[in-house]
Amino acid sequence: MDATEILKSNAAAVAAADAAWVNPRDPAKALGADGLPLRSRRAPKWKDIPNEQWDDWRWQLSNRVNTLEEIGEILELTDDEREGLSAEGKFRVDITPYFVSLIDPKDPNDPIRRQVIPVGSEQQAFTAMMEDSLGEDRHSPVPGLVHRYPDRVLMLVTTQCASYCRYCTRSRIVGDPTQNFNSKDHEAQLDYLRRTPQVRDVLISGGDGLTLAPKLFEKILRGLRDIPHIEIIRIGSRVPVFMPQRIDDELCEMMAKYHPLWMNLHFNHAQEITPEVSRAVDKLTRAGIPVGNQSVLLAGVNDCVHIMRKLVHKLVENRIRPYYIYQCDLVEGSGHFRTPVGKGLEIIEGLRGHTSGYAVPTFVIDSPGGGGKIPVMPNYLISYSDHKVVLRNYEGYISTYEEPEYYTRHDASKCVDCRGARPEPGQEGVFGLLAGHEMWIEPKGHAEIHSRGNTEAHRLQDPSKWQPLGIGGAVEGSVGAPLKVLTASAAAQDLPSGTEERPREGEPTAAAHGELL
Ligand SMILES: *Cc1c(COP(=O)(O)O)cnc(C)c1O
Ligand code: SF4
């Protein structure tokens, strides 16, 4: 063999080895014991359905379960669930065979179950509950189009979903076929967009656009792409979660024609990310669609740092970028899902820095009354009482979020994710305070002062602690010079005349605050 031949045969050997190699870490390539792509469990009710039918999204849609009898065949229902399923006027129940099969039939606290099976307490009203808590109807110039932000709109193209989430923020219209949008509505929406050049970003949602007939859905995408000022199209969909079978090659090829197109999915718990979902998301990303995720913070489903950490890790493993965690909206039916705002802050604190920045979403409250999504961060959080959070949005619009009156605290002793959590050595800090290992943190040297028997010692009375920083008028370099300590009244006298140290009682801002809280 000469040199070229050797090179050629080496290249062939490398190619052959490459072809045989399957990345064992890629969740979209997972194989079952039979050597075929891994499948998640299927309820016995459908054990004789051929895979071909099971994998057909139209079959999944037309075989959804919704009655107490049907669901009772699949799950061991509790009295609470029987009550929920028999309630008159309840929000629509419908669950794909694929999704209901993921539920552990014996576990009433199964996180997937809690999202789709109603319970009796769903009917309970609560303080500040609203029908249209985000004021969407007030911001709709034409039916189904919510124009709340300057440069982007929410376009509701249908009221139908593949399955129905008990906490749905649009339960006032979602699931109701008599309130559905039709081609005429889509045309009116497109017409508004043609006349509104400041809109550069359209978010298609509903309901769920991916439940529409494929031709109709494409017609909407085409209509949007015929408008030159629309830069990006986003699709918000839970279809890949409820019915990953819908994400077929045909759909991906069709969507790829309308780039730039982004997608946001909605996973709330790691158990929703099955092998079927991994393959579906793999198809979406191969079609060039960046995929994000939004979760809703739900008591009894994901109100736990460890559960959330597992979810975001599984998301990034599947190339899904966690985008938002939403505080549960003040909408009918969601009372028993609500958590205090502090729970979301605690979760973000348990993620940021502890794990990849890619895995950290933004925690937002969609502001009651319609101010848009507000990140829960100090510069947006104006005030906080024991039952209300006062928030401002990017425009200065101020709204309040009423905290839940009742919250059954997450029970770490019963949570497998909490028990299995690996401690991070040396990372006690504030995390330790929140978790309850410590009651306080002492500044360095604090304990020594006390151990010397000087119980009166306080860092304020040790001027050397203050000198290096030059705080309080001390001159740098004059270490040891006594610090002038002001009392509150002396401080007030020291202020230049005409300056007030605080807003007086009854001033407009203070009064407004009092009312909001
Ligand atoms: C969520 C939402 C958007 C998009 O908001 P982003 O923060 O840009 O993701 C746009 N319009 C409405 C009405 C929305 O609710
Ligand atoms: S998928 Fe979205 S719109 Fe549909 S029921 Fe769930 S939360 Fe509501």
Side-chain angles (χ1 to χ4, degrees), residues 64 66 90-96 99 112 114-116 118 132-141 144-176 179-181 189 193 196 198-212 231-243 246 262-268 272 290 292-296 298 301 321-326 328-329 331-334 337 361-375 380 393-394:
R64 288 181 290 183
N66 45 51
K90 65 176 176 301
F91 178 54
R92 177 160 166 189
V93 177
D94 240 339
I95 315 160
T96 56
F99 200 65
I112 291 182
R114 292 280 51 84
Q115 294 180 55
V116 289
D132 177 15
S133 79
L134 309 180
E136 293 188 324
D137 296 342
R138 282 200 289 130
H139 287 88
S140 296
L145 202 74
V146 187
H147 193 178
R148 168 182 297 143
Y149 294 105
D151 69 339
R152 55 207 190 281
V153 296
L154 173 67
M155 184 175 176
L156 307 179
V157 295
T158 175
T159 60
Q160 304 298 294
C161 293
S163 301
Y164 294 91
C165 318
R166 305 321 302 163
Y167 52 84
C168 178
T169 197
R170 291 195 194 102
S171 50
R172 69 184 185 283
I173 51 167
V174 161
D176 183 350
Q179 296 215 57
N180 211 352
F181 304 103
Q189 296 171 340
L193 292 173
T196 317
Q198 68 266 37
V199 174
R200 43 162 287 283
D201 171 359
V202 175
L203 166 50
I204 299 176
S205 182
D208 201 317
L210 290 187
T211 61
L212 287 177
E231 295 166 9
I232 60 168
I233 299 175
R234 303 194 238 179
I235 300 167
S237 175
R238 226 189 164 191
V239 158
V241 185
F242 289 141
M243 195 172 64
R246 175 71 186 92
W262 295 58
M263 230 164 149
N264 233 1
L265 311 183
H266 174 172
F267 295 96
N268 293 319
E272 293 166 319
N293 181 65
Q294 41 194 43
S295 302
V296 180
L298 301 165
V301 174
R321 169 77 157 101
Y323 184 56
Y324 284 147
I325 292 182
Y326 285 97
C328 194
D329 289 325
V331 66
E332 280 181 66
S334 70
F337 282 125
T362 306
F363 174 44
V364 296
I365 301 184
D366 215 337
S367 75
K373 298 170 199 38
I374 304 184
Y380 295 100
N393 79 349
Y394 66 103

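Any value given below was found using the heavy atoms of this structure, including those in side chains, with hydrogens, waters and symmetry copies removed. Ligands are counted one by one from 1 in listed order, and the atoms in each one are counted from 1 as well. In this chain, residues are counted from 1 in sequence order.
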Test item: N393 side-chain N/O and G372 main-chain N/O as donor-acceptor pair under 3.5 Å: no

With a 4.5 Å cut-off on side-chain heavy atoms, are Y380 and I365 touching? no

Quick one: which ligand 1 atoms are inside 4.0 Å of a heavy atom on Y323? 6 (P), 7 (O), 8 (O), 9 (O)

Consider ligand 1: state whether an atom of it lies below 4.0 angstrom from any non-hydrogen atom of R234. yes

I need the atoms of ligand 1 closer than 4.0 Å to a non-hydrogen atom of Y324, numbered in the order shown. 6 (P), 7 (O), 9 (O)

Checking the N or O distance criterion of under 3.5 Å, is ligand 1 in contact with Y149? no

Return yes or no for this condition: an N or O of D366 is under 3.5 Å from an N or O of ligand 1. no

Distance under 4.0 Å to a non-hydrogen atom of R148: what atoms of ligand 1 satisfy this? 13 (C), 15 (O)

Could an N or O of ligand 1 be found under 3.5 Å from any N or O of R152, whether backbone or side chain? yes

Side-chain donor/acceptor of R238 to backbone N/O of H266, under 3.5 Å: yes

Given Q189, E136, H139, the one that forms side chain to side chain contact (heavy atoms under 4.5 Å, CB included) with L145: Q189

Has the side chain of R138 got a donor or acceptor atom that lies under 3.5 Å from a matching backbone atom of G370? no

Just by modelled atom types, is the F242 backbone N or O under 3.5 Å from a matching donor or acceptor in the S163 side chain? no

Minimum-distance protein heavy atom relative to atom 15 (O) of ligand 1: K373 NZ, 2.9 Å

L154 heavy atoms within 4.0 Å reach ligand 1 at atoms 11 (N), 12 (C), 13 (C)

Could you pull out the N/O/S protein atoms under 2.8 Å of atom 8 (Fe) of ligand 2, ignoring any water? C168 SG

Across all chains, not counting sequence neighbours, the side-chain contact (heavy atoms from CB on, under 4.5 Å) partners of S205 are L154, L156, R170

Salt bridge or not for D176 and R92, using N-O below 4.0 Å? no

Do you know which of N268, D329, V331, V301 makes side chain to side chain contact (heavy atoms under 4.5 Å, CB included) with Y167? N268

Nearest protein heavy atom to atom 2 (Fe) of ligand 2: under 4.0 Å? no

Indicate yes or no: at least one non-hydrogen side-chain atom of D208 is less than 4.5 angstrom from one of M243. no

Below 4.5 Å, heavy atoms only, C-beta onward: do F181 and V157 meet side chain to side chain? no

